[in-house]
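Before any comments, here is the structure.
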Protein chains: 2
Amino acid sequence: MSLKHAILVLLETEPSSGYNLLKQFNEGLGYFWNAKHQQIYQQLKVLSEHRLISHTLEEQTGKPDKKVYKITDLGIEALKDWLLSPINPGKVNDALLIKIYGGHLTSDENLIEELDRHIEMHEKTLSKLLNIEKTYHTLQTEKQDEYKLPFLTLRRGIIGERAWLDWANEAKLVIKK
Amino acid sequence: MSLKHAILVLLETEPSSGYNLLKQFNEGLGYFWNAKHQQIYQQLKVLSEHRLISHTLEEQTGKPDKKVYKITDLGIEALKDWLLSPINPGKVNDALLIKIYGGHLTSDENLIEELDRHIEMHEKTLSKLLNIEKTYHTLQTEKQDEYKLPFLTLRRGIIGERAWLDWANEAKLVIKK
DNA sequence: GATATCATGTAAAAGGTTACATGATTGG
DNA sequence: CCAATCATGTAACCTTTTACATGATATC
């Protein structure tokens, strides 16, 4: 529902191609939203039709041409309106928990293996986020202040990932017991 | 994507009506998945067509008739197969974080108000979950052991909500500063 | 020679939300 | 008398995923 607004917010920070937006979603600062490339390209088309964004074509040598999108004045107005509206709480839809809940129908080994797989992924994500955090702390005080709001979304990622890992370790102990 | 499996897992524990499943999703033990009643009724239809569940009609006096669904042998097999397959990690799609990220386009008061609204909701959820946890601890040791896996999903909720609230308080301090 | 990265899209299917629809009982 | 709870569903719409599609350069 809010992919549109996620794209607008990212484009408000700086003009970007669809491909680059995808990278932002998959990497650190886009921690708060997920999207596949197909969906991003579709939404860029829709946002363009609504004149909330515009693009210029950038030719590149040795690489495919790039469409660089930027937010329009109309887009900024739409974004500001949205920012004033109350936001629905994020939803937890975690299939791993379904598996744990029904874990008596499978083996403990299966559950432990699955948990270990997920722990590995979450540890990778966490260390990525911690690296970005480190970089942030090397910035000058004014810059830190400038980026304090995006930094908070990074902090959400870090706190969230740590909590996830705490739970997973607890879960492993309970299952093995 | 996994609403089907969430329903199967719940029905494996005990037969249930669509209405009752909805309640489970909205309350504690269904912490791990969200669904509206329309979607549940739709999926119950689909699962019935695939013969993974079946239902009996229960007449009630003073209340509408109830369709009580239970999982079939075929359904249990399908569920066991799914439990053996690797599960994708849960996704974070949190519109509040989009709002924080682009918060420089709006006022601090707006951000603080929004955070407070969300804090209230999360505190309510947390206290609900803590109540269920309390009940769990009053059970006999054998019963506790029997429910240890569903209990882990409850723990995930508690740990997740606490982490969320920790972050929100940090966020308020940063924004007010 | 294989894999990753860059860079874009269309189309069909599945999943999820919103709007509409009904109607009785119970509790404040 | 109003709101909540019980109990079920259809239809239209929007969002997301999966499958299909292309093709160059850079790195191991």
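- Phosphate contact (OP1/OP2 of dT17(D), side-chain N/O of Lys91(B), threshold under 4.0 Å): present.
- Between Asn26(A) atom CG and dC6(C) atom C1' there is a gap of 14 Å when expressed in whole angstrom units.
- If you take NZ of Lys45(B) and P of dA7(D), they are 21 Å apart, rounded to a whole angstrom.
- To the nearest angstrom, P of dC14(D) lies 9 Å from NZ of Lys4(A).
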Under 3.5 Å, side-chain donor or acceptor atoms of residues 118-125 of chain B against the rest of the protein: list the pairs with distances, not counting sequence neighbours.
residue: His118(B); atom: NE2; partner: Ile87(A); partner atom: O; Å: 3.0
residue: His118(B); atom: NE2; partner: Glu114(B); partner atom: OE1; Å: 3.4
residue: His122(B); atom: ND1; partner: Glu161(B); partner atom: OE1; Å: 2.6
residue: Thr125(B); atom: OG1; partner: Met121(B); partner atom: O; Å: 3.0

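- If you take CD of Gln42(A) and P of dT15(D), they are 11 Å apart, rounded to a whole angstrom.
- Atom CD of residue Gln42(A) and atom CG of residue Leu3(A) lie 9.5 Å apart, to the nearest 0.5 angstrom.
- At dT17(D), one or more side-chain N or O atoms of Gln39(A) fall inside 4.0 Å of OP1 or OP2 (strictly under the cut-off).
- Atom CG of Asn131(A) is separated from atom CG of Leu154(A) by 10.5 Å, given to the nearest 0.5 angstrom.
- An end-to-end axis angle of 50° holds for the helix from dG1(C)-dC28(D) to dG28(C)-dC1(D), taken from five base pairs per end and rounded to 10°.
- Remark: P of dT8(D) and OH of Tyr69(B) are 8 Å apart, rounded to the nearest angstrom.
- Classified by interplanar angle (parallel below 30°, tilted 30° to 60°, perpendicular above 60°), the ring pair Tyr136(A)/Phe151(A) is parallel.
- Considering only side-chain N and O atoms, Tyr41(B) lies under 4.0 angstrom from the phosphate OP1 or OP2 of dT8(D).
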Sequence neighbours left out, cut at 3.5 Å: what donor-acceptor pairs do the side chains of residues 5-22 of chain A make with other protein atoms?
residue: His5(A); atom: ND1; partner: Trp82(A); partner atom: NE1; Å: 3.4
residue: Glu12(A); atom: OE1; partner: His104(B); partner atom: NE2; Å: 2.6
residue: Thr13(A); atom: OG1; partner: Val9(A); partner atom: O; Å: 3.3
residue: Ser16(A); atom: OG; partner: Asn20(A); partner atom: ND2; Å: 2.7
residue: Ser17(A); atom: OG; partner: Asn20(A); partner atom: N; Å: 3.1

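- Between Lys66(A) atom NZ and dA7(C) atom P the separation is 5 Å, expressed in whole Å.
- The environment of Asp81(A) atom CG is dense: over 12 non-hydrogen atoms of other residues, nucleotides or ligands sit within 6.0 angstrom.
- Taken to the nearest 0.5 Å, the CZ atom of Arg156(B) stands 11.0 Å off from the OG1 atom of Thr153(B).
- For the pair Asn88(A) CG and dC14(D) C1', the computed distance is 15 Å after rounding to whole Å.
- Note: CZ (Phe25(B)) to P (dG16(C)) measures 10 Å, nearest angstrom.
- Residue Gln38(B) has its side chain nearest to dA19(C) when only dG16(C), dA19(C), dC6(D) are considered.
- Dashed line: the shortest gap from a side-chain N or O of Lys23(B) to OP1 or OP2 of dA7(D) is not under 4.0 Å.
- When each of His37(B) and Leu3(B) is assigned the nucleotide of DNA chain C with its nearest heavy atom, Leu3(B) is the one assigned upstream, toward the 5' end.
- In this structure, of dT8(C), dT17(C), dT8(D), it is dT8(D) that holds the atom nearest to the side chain of Tyr19(B).
- Between Asn93(B) and Lys67(B), the one whose closest nucleotide on DNA chain D sits nearer the 5' end is Lys67(B).
- Distance from the side chain of Lys36(B) is smallest for dT17(C) among the nucleotides dA7(C), dT17(C), dT17(D).
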